Student: 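The structure under discussion is supplied below as structure tokens; questions concerning it will follow.
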Number of protein chains: 2
Amino acid sequence: MDYACLMAVDPEHVLRAAAALLTRKSTATMDEVAKAAGISRATLHRHFAGRDALVRALESLGIAECEAALDAARLDEGTASEAVRRLVAAIEPAAGLLAFLYSENQLFEGEELNAGWTLIDDRISALFRRGQLGGEFRIDLTPAWLTEALYGLLASGAWMVHSGKGAPKDFQHMIVELLLGGALRREES
Amino acid sequence: MDYACLMAVDPEHVLRAAAALLTRKSTATMDEVAKAAGISRATLHRHFAGRDALVRALESLGIAECEAALDAARLDEGTASEAVRRLVAAIEPAAGLLAFLYSENQLFEGEELNAGWTLIDDRISALFRRGQLGGEFRIDLTPAWLTEALYGLLASGAWMVHSGKGAPKDFQHMIVELLLGGALRREES
DNA sequence: TCCATATGAGACACTAATGTCTCATCAGGG
DNA sequence: CCCTGATGAGACATTAGTGTCTCATATGGA
């Protein structure tokens with residue numbers, strides 16, 4: 001699948017490079033994105049009509065990765081806690097991109113929000129609701145809030161790792177343990 | 001010190017208006033900020049040399065509000081949990097501004113970071129460390145991560161309220177309960 | 001070999017935002 | 001009453017980023 005020797009640019013590769021760059025510097029220009037992808041600005045423009053289109057494509061990529069992670073995590077199997085652990089582990093590689101899109105989405109204010117996010121929200125909310133109905137999770141925190149909190153913790157974790165204040169290997173543990181167990185010490189398991 | 005009746009514009013009031021606007025729309029132009037503050041762009045420019053200076057001033061404001069909240073929360077008194085509750089309650093009014101500055105800081109990448117943030121980080125970290133040493137908080141989550149997680153949850157909470165997906169009255173409860181107790185249901189208090 | 005095609009480089013116009021300037025106005029103090 | 005000083009309005013140049021265009025080049029297939 002790797003046509004490295006072809007002249008044709010791989011849009012997928014361009015998107016990955018753009019995601020990696022914009023994750024670090026959310027205000028990067030088209031010029032910088034093109035350089036990061038190893039192509040010229042003209043070619044970048046041929047594949048993505050403009051910055052807007054690029055962000056939309058990244059949004060689609062992020063949604064696709066989220067859905068893939070949701071699928072891979074098999075949210076319906078085992079306890080809800082285990083499912084949350086699998087989900088965080090599966091979504092970790094996309095956390096940086098998610099954080100970028102998360103902040104970018106706040107700019108879409110009035111504009112139409114990609115329906116894909118709603119589906120993802122719903123799937124994650126359903127997981128938390130399943131945990132509540134099964135008596136596993138507390139019921140005074142709404143599934144919507146738990147979902148939003150997960151996003152926030154993912155962003156914080158990604159930032160922590162990116163800024164070097166935390167080790168990548170701790171990413172999953174930090175997030176899952178805080179989200180599920182909280183900061184308070186438990187008397188027993 | 002208060003020349004309210006003078007023609008002179010109150011820089012404090014301008015900053016508040018700018019904070020309120022940029023909290024909602026982080027890409028607002030100088031023109032929009034001026035309108036929001038009820039002054040002309042020229043006057044805005046007379047008080048703040050440029051957008052950069054304005055953001056710096058907002059940063060100082062945010063730091064000041066954080067420190068005021070830290071003081072008001074009396075982090076050294078009572079249990080660490082109680083102190084965290086007071087802190088979240090005290091910092092709530094500034095959460096929006098904090099979220100804005102938080103995202104803005106990521107753009108300062110290489111540039112010098114205002115030392116004020118480090119002091120604030122240290123004071124909050126010290127609170128979590130106190131909780132750990134007192135056997136109140138678990139020790140497998142570092143104070144630095146708990147601090148970062150608090151920031152993330154504050155941002156998520158502010159976003160939740162701002163987007164209308166959550167009620168302002170739940171702000172404190174949502175954040176504190178998740179941060180301290182986590183999502184898992186407890187067998188007893 | 002020759003051709004179709006995609007790319008890279010760069011020029012160009014357009015836009016939005018910024019920063020600076022001037023000038024008229026208006027309030028308050030002397 | 002007049003003068004000082006701050007403001008509002010708006011013109012203006014500058015900059016950065018974008019989007020579009022042309023042309024030369026190089027690759028891979030027919």
Side-chain angles (χ1 to χ4, degrees), chain A residues 1-60 100-101 103-111, chain B residues 1-59 100-101 103-104 106-111:
Chain A
M1 295 6 183
D2 199 5
Y3 300 88
C5 295
L6 237 62
M7 289 181 78
V9 162
D10 179 14
E12 179 75 10
H13 164 252
V14 174
L15 271 185
R16 297 287 170 183
L21 175 61
L22 290 170
T23 287
R24 294 194 306 273
K25 187 184 176 187
S26 58
T27 59
T29 67
M30 294 293 274
D31 222 344
E32 294 172 299
V33 171
K35 263 188 202 34
I39 62 177
S40 72
R41 195 165 69 94
T43 303
L44 176 60
H45 239 280
R46 288 187 187 103
H47 287 273
F48 302 97
R51 186 193 180 77
D52 215 50
L54 178 62
V55 172
R56 295 305 174 121
L58 281 173
E59 190 177 28
S60 296
F100 162 70
L101 294 173
S103 67
E104 202 76 3
N105 267 344
Q106 304 192 4
L107 305 182
F108 291 171
E109 288 260 343
E111 311 174 27
Chain B
M1 294 7 193
D2 198 7
Y3 302 89
C5 295
L6 241 59
M7 289 181 80
V9 162
D10 179 14
E12 179 76 11
H13 164 251
V14 174
L15 271 185
R16 297 287 170 183
L21 174 60
L22 290 171
T23 286
R24 295 193 306 273
K25 188 184 176 189
S26 58
T27 59
T29 68
M30 294 292 274
D31 222 346
E32 294 172 299
V33 171
K35 264 191 200 33
I39 63 176
S40 72
R41 195 166 68 93
T43 303
L44 176 59
H45 230 277
R46 287 186 188 105
H47 287 274
F48 302 97
R51 188 193 179 78
D52 213 50
L54 178 63
V55 172
R56 296 303 174 122
L58 281 173
E59 189 178 29
F100 162 69
L101 294 173
S103 66
E104 201 76 5
Q106 304 191 3
L107 306 183
F108 291 170
E109 287 259 343
E111 312 174 27

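Bear in mind the structure is a predicted one, so any value in this text is a computation, not a measurement. Order of the sequence lines fixes the chain letters, A, B, ..., with proteins taken first and strands second; residue numbering starts at 1 for each chain.
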Student: Looking at B:Glu12, is its backbone amide N or carbonyl O close enough to the side chain of B:Arg16 to form a donor-acceptor pair, meaning the two atoms are under 3.5 Å apart?
Tutor: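 Flag not set: sc B:Arg16 to bb B:Glu12 has no pair under 3.5 Å.
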Student: Between D:dG19 and A:Arg41, counting only base atoms on the nucleotide and side-chain atoms on the residue, is there a donor-acceptor pair under 3.5 Å?
Tutor: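 Yes, a donor-acceptor pair under 3.5 Å.
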Student: With respect to the side chain of A:Ile39, which nucleotide from C:dG8, D:dT18, C:dT18 is positioned closest?
Tutor: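 Nucleotide nearest to A:Ile39's side chain: C:dG8.
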Student: So how far is it from A:Arg56 CZ to A:Leu54 CG, rounded to the nearest 0.5 Å?
Tutor: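 Going from the CZ atom of A:Arg56 to the CG atom of A:Leu54 covers 11.5 Å.
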Student: Distance check needed: C:dG8 C1' versus A:His45 NE2, whole Å only.
Tutor: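 After rounding, the gap between these two atoms is 15 Å.
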Student: Once you round to the nearest 0.5 Å, how far does OG of B:Ser40 lie from CZ of B:Arg46?
Tutor: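 Output value for this atom pair is 6.0 Å.
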Student: Quick check on C:dT7: is either OP1 or OP2 less than 4.0 Å from any side-chain nitrogen or oxygen of A:His47?
Tutor: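 Looking at the OP1 and OP2 atoms of C:dT7, one of them is under 4.0 Å from a side-chain N or O of A:His47.
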Student: Would you mind reading off the distance between B:Glu32 atom CD and C:dT18 atom P, rounded to a whole angstrom?
Tutor: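 Rounded to whole Å, this separation is 9 Å.
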Student: Can you tell me which nucleotide in D:dA9, D:dT20, C:dG19 comes closest to the side chain of B:Ser40?
Tutor: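 Of all the options, the side chain of B:Ser40 is nearest to D:dA9.
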Student: Rounded to the nearest 0.5 Å, what separates atom OG1 in A:Thr23 from atom CG in A:Leu101?
Tutor: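 With rounding to 0.5 Å, OG1 (A:Thr23) is 8.0 Å from CG (A:Leu101).
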Student: Is any N or O donor-acceptor pair between the side chain of B:Arg46 and the base of C:dG19 shorter than 3.5 Å?
Tutor: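 Donor-acceptor pair under 3.5 Å: no.
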Student: What nucleotide among D:dC21, D:dG10, C:dT18 has an atom nearest to a side-chain atom of A:Ala42?
Tutor: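 The closest nucleotide is D:dC21.
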Student: What is the distance, rounded to the nearest whole Å, between atom NE2 of B:His13 and atom P of D:dT7?
Tutor: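 So the two atoms are 13 Å apart, to the nearest Å.
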Student: Of the listed nucleotides (C:dG8, C:dT20, D:dT20), which one gets closest to any side-chain atom of A:Thr43?
Tutor: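 That would be C:dG8.
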